[in-house]
Amino acid sequence: MKTDSVLEKILTSGQLAVTSEVGPPRGTDPEAVKKKGELLRGVVDVVNVTDNQTAMVRMSSMAACAHLKQLGLHPMLQMVTRDRNRLAMQADILGAYSHGIDNMLCLSGDHPKFGDHPMAANVHDLDSVQFLRMVKDMRDEGKFQGGDEITDPPKMFIGAAANPFADPFELRVARLAKKSAAGADFVQTQCIYNIPKFKEWMKGVCARGLHKEIYVLAGITPMKSVGMARYMKNKVPGMDVPADIIKRMAGVEKKKAAAEGITMAVEMIQELKEVEGVAGFHIMAIEWERKVPEIVERAGLLPRPSV
Amino acid sequence: MSFLKRLTAKEFVVLAEMHTPKGVDISRLVNDGRRLKGRVDAVLVPDMDNGIMRLSALAGGVLLQQQGLEAIIAVYCRDKNRMALQGDLLAAHVLGVQNLIVVPSADMAQSDHRDAKPVFDLDEAGLLNAIATLQEGKDLGSADLDGRPFFNTGCALASLADGAPFDEALEAVKAQLAAGATFVITPPVFDVQACAGPLKKLGELGVPIIAAVFLIKSVAVARYLARNDAGAHVSDALIQRIKKAADRESEAVKIAAEIVQALGSVTQGVLLQTHGWEHRLPAILDMAGL
Amino acid sequence: MTHPQSNQSEGKVLVVGGGMGGMRTALDLAESGRDVVLVDKAVSIGGLMTQLDRTFPTNNCDLCTLSPNLSQAGRAHRIDLRTMTRVEATKGEQGAFEVTLTTTPRHIDIDRCTACGDCLRDHPECVSFTPGLDHRAPTCMRYPQAIPQAYSINMEQCADVDALVKSCPVGAIVIDDKITTVTETFGSIVLAPGAEVYDPSPIAALGYSEQPDVLTSLEYERLLSASGPTGGKLLRPSNGQAPKKVAWLQCVGSRARQADQGVSYCSSACCMFAIKEAIVTKERFGTDIETTIFNMDIRTSGKGYEAYYQRSKDTDEVRFVRCRTQNLQAGETGALQLRYLPEESDTFVTEGFDMVVLSTGFFIPEDIRTLADQLKVDLNAHGFALTDSFHPVSTSRAGVYVAGLFEGPKDIPETMVQASAAACMAATHVGVTPDASPTEELPPERKIDDEPVRVGVFVCECGENIGGVVDVDNLVSHAQTLGDVTHSENVGYGCSAESMEHIRETIVEQKLNRVVIGGCSPRTHLTRFQDLLRKAGLNRYLVDIANLRDQDAWVHRDAPELATAKGRELIQMGVAAVRQSKPLADQTLPMSQDVLVVGGGVAGMSAALSLAGQGFKVHLAERENELGGEARNLRRTLEGEDVRTQIEHLVAATEGHDKIQVYTGALIVDHGGMPGKFTTGMQVGPQLFYRQITHGATVLATGALANRPSVYMLGEHDAVSTQHDIESLLEDDTDTVKTWSKVVMIQCAGSRTKENPACSRICCQSSIKNALRILDVNPAASIWVLYRDMRTIGMQEDAYQEARRRGVIFVRYDPENPPQVEPVDDKVKVTFHDPILADDLSMHADRVLLSTGFIADDEGTEELARIFRLPRTEDGYLLEDHIKLRPVDLPTLGFYVAGTAHSPKSIKESVAQAQAAASRVQTLLARGEINLGAAVARVEASRCAACLVCVRACPYGVPFINADGNSEIDPALCHGCGICAAECPAKAIQLQQFDDDQILAKLEGLLERITA
Amino acid sequence: MSEPTPQFEPVIVAFCCHYCAYTAADQAGAQRLSYPANVKIVRVPCSGKVDALHLLRAFEKGADGVYVAGCLEGDCHFNNGNTRAARRVTQVQKLIEEIGIEKERIEMVLMSAGMGDRFAEVATEITEKIRALGPSPIRGGKPAPARAQTKASAKAAK
Amino acid sequence: MITAERKPLEEIVESVASFDRILLVGCNECVTVCAAGGRKEVGLLASALNMTFLKGGKSVQITEHTLERQCDPEYVEELSQLVGGADAILSMACGAGVQELARRYKDKPVLPALNTMFMGASERAGVWSERCAGCGNCVLGITGGICPIARCSKRIMNGPCGGSTNGKCEISDDVDCAWHLIWERLKALGQTDLYEVNMDAKDWRPAGGAGPRTIVREDLAE
């Protein structure tokens, strides 16, 4: 065990892990986070807390994580390279760990162009691979990126994101390998809709033996409506929504669309469970956290193991 | 990767047709050729097509190879007997030209040497047979050769016009494939959908099919094709599209590029025929995203 | 005195007649490198056209359009101009005619005479001018730009020879000048003696002899002319007052039924002449003047003429009255009473007019018949030289050619076409001679770098054209106030030889080093004034023209004050620009001597054969798979010639000619280059093989299409066909024709309509031809011709009259109320209104024949015009450079048109235009090199940032970055568009002749008053 | 005759290409078509020769309206000078808007050599449009003092 | 080449509004090539300024002059004759040129008329794109000649991120994904193994992280 993370424990035990996420509020009231966290209690293993998601200012991920931690949940600190240079990032990692937060996800983050501060400086002192390396070195070498030693290094269970669908596709396995090499313990993927393509990617991952080095949590996002499906297809960078998904969503009555989306998510999880190398699921029910229990249940992932 | 390797690897090939000069001023051929270097897989050099006496395809092909391009030269039966044909084939091999396409001979009615005597010692299948024989190290007189040449030989489909013309052309192609041809070049395709039937049947032959894409330079040319070539399937809408374009030349390039794109999933390659507008080839390639 | 001649003159052509036709022939021959002797019996050349005031349909001033040709004729050193000279006898044959020429003494040394007029002032009785046609002896010079610019003296009339001699300040009077007779050898002869205008005196009913206010149209023309007896004012000869009502009587002396009433043929030009006079009358002297044209038919079948006719009715409110007879008498109040029978009425009407103009036609006078006799040239019954459709300018005698009115009545464009055609044919007998005698030794160019700027401003009045609107003197005095202007004056007709010489002298005397001409468009006249500067020892690029005519006086006729104010500004702009101009050098390139002929019909083949016959390599591109064009469908001409056989001969000759490369199935796809060195790409044959041809000139003979309009059930009923369709039937299937008992022909089917406004010109004669042919085969047939105007121009009128005599019935219909055609079994019922019976008629016809004529080949010419960048008329024909004077030249130098691509025309006219195009091509290619002018881009290397903008912007890929790291532009390749100059971010490139300083100076010149 | 009402007479500069628009202007003359005398023509070999600088300077010197007249699309005697000119006109439109001059005061028009009537029509329309816009805003101010453009060679320093 | 574009006229006008005599100085180097500050643009701006002032009823004297290069003292010296007659200098050069003028002519306000943009290359006529960020430590040798620092929207050195589609960057379809280009290029070169190497966290000191940079060539420096 590299860390005390519950996630690491579940994954190491060979059981399918389930994670989900909550977005912190655009204000100072912690109740929103707590409420969302409560919905997920006992349903998922670890709750990701996003970091200025879609480049919009929100309550900091670390603060929100701390609130969840107080509730006894297992939060995962998300951090992007967009807003902080390596000094600020390391400082926050130390701070988070001091609150008992031992999972983190290292990301580059959405470009500020899409957010509410398009005029903001785009820091990117490090990229996500360099970021992973830094966190790993902090944990395993006990060293800051600058080389100085850390007294009581943070033992973070380190996650990365992977998009199996972004172009160029042929590079996606190699890129996972780079992240793995840099220090990622697990990876949460982009929402999966194109299952054949995901399987193809997984095949590449397994062929390279990567599935033995890094845990792959398949990303699942239930569709609420055909409108959302189309939006994801056309507007969200790096998203691959095949036409038959849209067709399926369009084929049902409007008020039954949400239920169809849930069913589809459940079916996907069931199908992906069988795929070699899939170590768990990351269910991103954006502003729809209340539906996560249903999905997890219907997918046969309950009860969650206690480790 | 050479033309042959790409063909074998089932990769999409892009060929361009380049005519030799009528005369000895090769500057245009060489300059146009240089511009294409690295942009096409090979250039096809026709030989006296239309019965217009010109610099021989072999010489043109060698010149283009000297510019760093790979050449495919046309061989045909109208103007040479088996002696001359075999001799030239050996010469081609020695000079480094290893891609051949056996083409039917153009009618001499439009020739600039209408009084010339057509030879037709061999027919196309006979010529293919001669090529095969040479590759086996013998000549048609069964004598052994010093060293064996190697060729990658294609044949040409005579017509894409539905019905009898295509059926006949298909039979001829089958015969030529049986005689040793390994790929087929079609007449120009202007409407991929309209040609879907014939193209499908060609696809079933199991050899690489390369479709010709012809740059329509003017409304008059489009009309000419519509009226005179049943296999062309040049529609009135296409004619109107060119006519209405503010810049007809660019529209023609665009149309050619669109056809190339449409063929991308249908055939294993394209042969761009620009007939004198070789300077427009890069534009077509750019627009087609090649 | 007879000079024995050596053999040296074999290479010469004799051109008889110095009118427009003779001049054009002589100029074409001279420009293509042949030596010419141009003789005219008159004291100065110019012929009939010099007496016109303005010509239709552009209403240009003829003197202005003509004078450039005249002074050119006067100065081209290959042309030996001999006025007052007649042909007395000929011997020999083509290649070596021996011609005896007799010159009447002028008693004036042309080289000395300055045309100062002192002799005339002192001795008017013996100093002669051609009095023009005005029988009321004008007191003016015949026209101010006369060539040669010299007087002539009749010594017999002179009472005091000594005094006369002394009156001449330069001693130009030669007392003992004698008749000279020379015999010279000529390779070929062109006859362009013109014709004379009918004298209406014998027709008593017209009152021409008695009534001073009855004029011939030519006299009326003189009255309108600025150089005429009234100085350009329209006044009644009887009382000097302005007329309020003017009538024109058409066909005076033409289309006569009786010999004493004139000639039987149609003089072809009078209808347009009258319409033009009516329009000009209104335009210049007041729209309230009533103008009425009394006519039998309005025959406006030339290019653009029909539109002009319609405009005269619709816009200018010229009244047209169709009537049968007329006579005239003076009324009590001095008004002329005109009695006529309107077509739609059976009672005579009497109407009063202030002036009556007789539209008199042409006839061949006795002296021209004598000339023909001496030259052993056959004439037709009317005295015109005999020619045929496929040899339109060849007379019965080999080596003798004809052009203009002597070949038949015609208008100016046809004369110009024939003149060039005759030049082409005449040139086949004489070789090109080296340009051995440059008569103009150009003075060396003056270095002006160190001189202060001295601008001379010369403002033209151009008769009424500018002076009638703009206050020229005001402009002249205003110019004097402008900076650096040291000289300014009014030069009248600036482009006349006299004024040009005056300007030249002034430049030299006043040491001017920049010149501004206030005149007409630089498009047409800049080169002439540039040449003038060069002759004055200045660089040709130190002149600018302020376009006071086309872009000021002509467009602001209603606002003279504004026009004058604008004229001042235009002069200011010109002065500002020339102050910045610098001496520039021209660039040259060798010309290709090959010619591309597009179109393999009669016109294309004729042009190709004419050129190939002269040794030019011709590329003939035909889009169809065989040669022959539309004429393949014709069998006979009106005159009975066998068209099919002739076409077969033409095709065989064309294909067999070793200088002609024929491309059938050839589609032109691209074009570039410049006059003298074009490149054209085409795709040829079934496999669309691409050929690129380099050629110096291009002849477009792309033809027109036989019209097949969807009217009168054409294509819907078997009994309805076009005149064209039955050509072969009439030849090969007379049995069918014999079954027809009633045939109705409908004229103007699909012509003169909204869709196809032009008159198709040939359909009236086609219907007459077919009617006569049907009657030959089936004399019992009853033939009805429904028409709007019968336009059987020239000698076709004889056939028309014959058809009437043989019982063909002609009924006029109104386009508002056209005939109706309905099917009745295998026949058709035709219903129409007969204006004479004033009733609707209806009949069952076995056959309805539609005279459908031509329609422009939009499919062919639309794209060709785009590729060659040539303008077309609204109805799709190629637009020539000048409708009257340059009917063969297209607006882009190096392009010529022949045949129906220009406008509907007969085979004869097509062949003539083809030969004319061949001649025009030769005049271009004889130059040998291309003058690229001085408008080339120049890079100032020290400013260049090597940014590649010019390299990327140039449409021709000319600029490149040289070894020094600067942009370099090869002036020989530069086309002079100036795009690079406009885009250069470092302002390192200037287009010479249009550099920024000059353009900005123009703006400053214009806007001075605002900023000052 | 009624007393003419005094109205604003704009000064309009038309840059006309030699081959089409200038010829069309001559055509208008030959056809005696009238158009306002306010339009003054500057002849250029091709509309592509008209520099943005010329257009701007015309306004600076006091023109109330400026237009560039070139050949019809596809008919430019120099391939594409007319389309280049049109792009420049658009650029200058933006610039004069920045200055505070209505962008309607400048435009690009196309015509063929034979279109004398179109020339007259365009000249009339533009004159009316500019007349309605009133004098150029910069004419409200004082005259422009001459601006120095140094002739000293930049290379001299080398 | 350094690229720049003209500031909005309003901003320029405001900056020079208080002066009566303006010396407008162009540069015949980079800014000429990118059509921002050559003789032509100087002319256009002079005209535009003049008109703007005329419109406001103000008469301003604008002197135009274009230097071969504004960032070299020897060329800048050329202005010394003209500066006396001006109240302010308006520079149409990049920031380097503006600063050089300000350094040399200390008593005159020197105002920028351009915004200096980036080091770029000309894609085609009239289009320039960023190619180099001047980071002081070039990695182009291992990225197939395509710079991830200048051309990736996130400066990702181990890209691509998960946002690219069809070879285009997530920020715009008009922007190529640099890493897509790098990958294609590496493939073409047969150097895909270079991709597998993780690039370490970048040392930003040569990129300016350590303050203003200076290059001293000992052999050339005086």
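Model, not experiment: these values are computed from the prediction. Every chain is numbered from 1, with letters handed out A, B, ... down the list of sequences.
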Residue by residue, which of residues 14-27 of chain D have a heavy atom closer than 4.5 Å to a heavy atom belonging to chain E? none
Taking atom types as modelled, is there a side-chain donor on E:S91 or E:Q70 under 3.5 Å from an acceptor on the other? yes
Just by distance, no angles: are the side chains of E:E78 and E:S80 close enough, under 3.5 Å, to form a donor-acceptor pair? no
List in chain and number order the residues that pass side-chain hydrogen bond (donor to acceptor under 3.5 Å, both in side chains) with D:N38, two or more places apart in sequence or in another chain; answer none if no residue qualifies.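 D:N38 satisfies side-chain hydrogen bond (donor to acceptor under 3.5 Å, both in side chains) with D:E9 once adjacent residues are dropped.
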Return the set of residues passing ring pair (Phe, Tyr, Trp, His ring centres under 6.0 Å) with D:F59 (not counting sequence neighbours), or none when no residue passes. none
Applying salt bridge (charged side-chain N to carboxylate O under 4.0 Å, His left out), can you list everything that pairs with D:R87, at least two apart in sequence or on another chain?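 Checked D:R87 against salt bridge (charged side-chain N to carboxylate O under 4.0 Å, His left out); zero matches.
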Taking every non-hydrogen pair under 4.5 Å, which of E:E41, E:R6, E:E10 racks up the most with chain D?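 Among E:E41, E:R6, E:E10, the one with the most close pairs to chain D is E:R6.
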Measuring only between side-chain heavy atoms, which start at C-beta, is D:H54 closer than 4.5 Å to D:V66? no
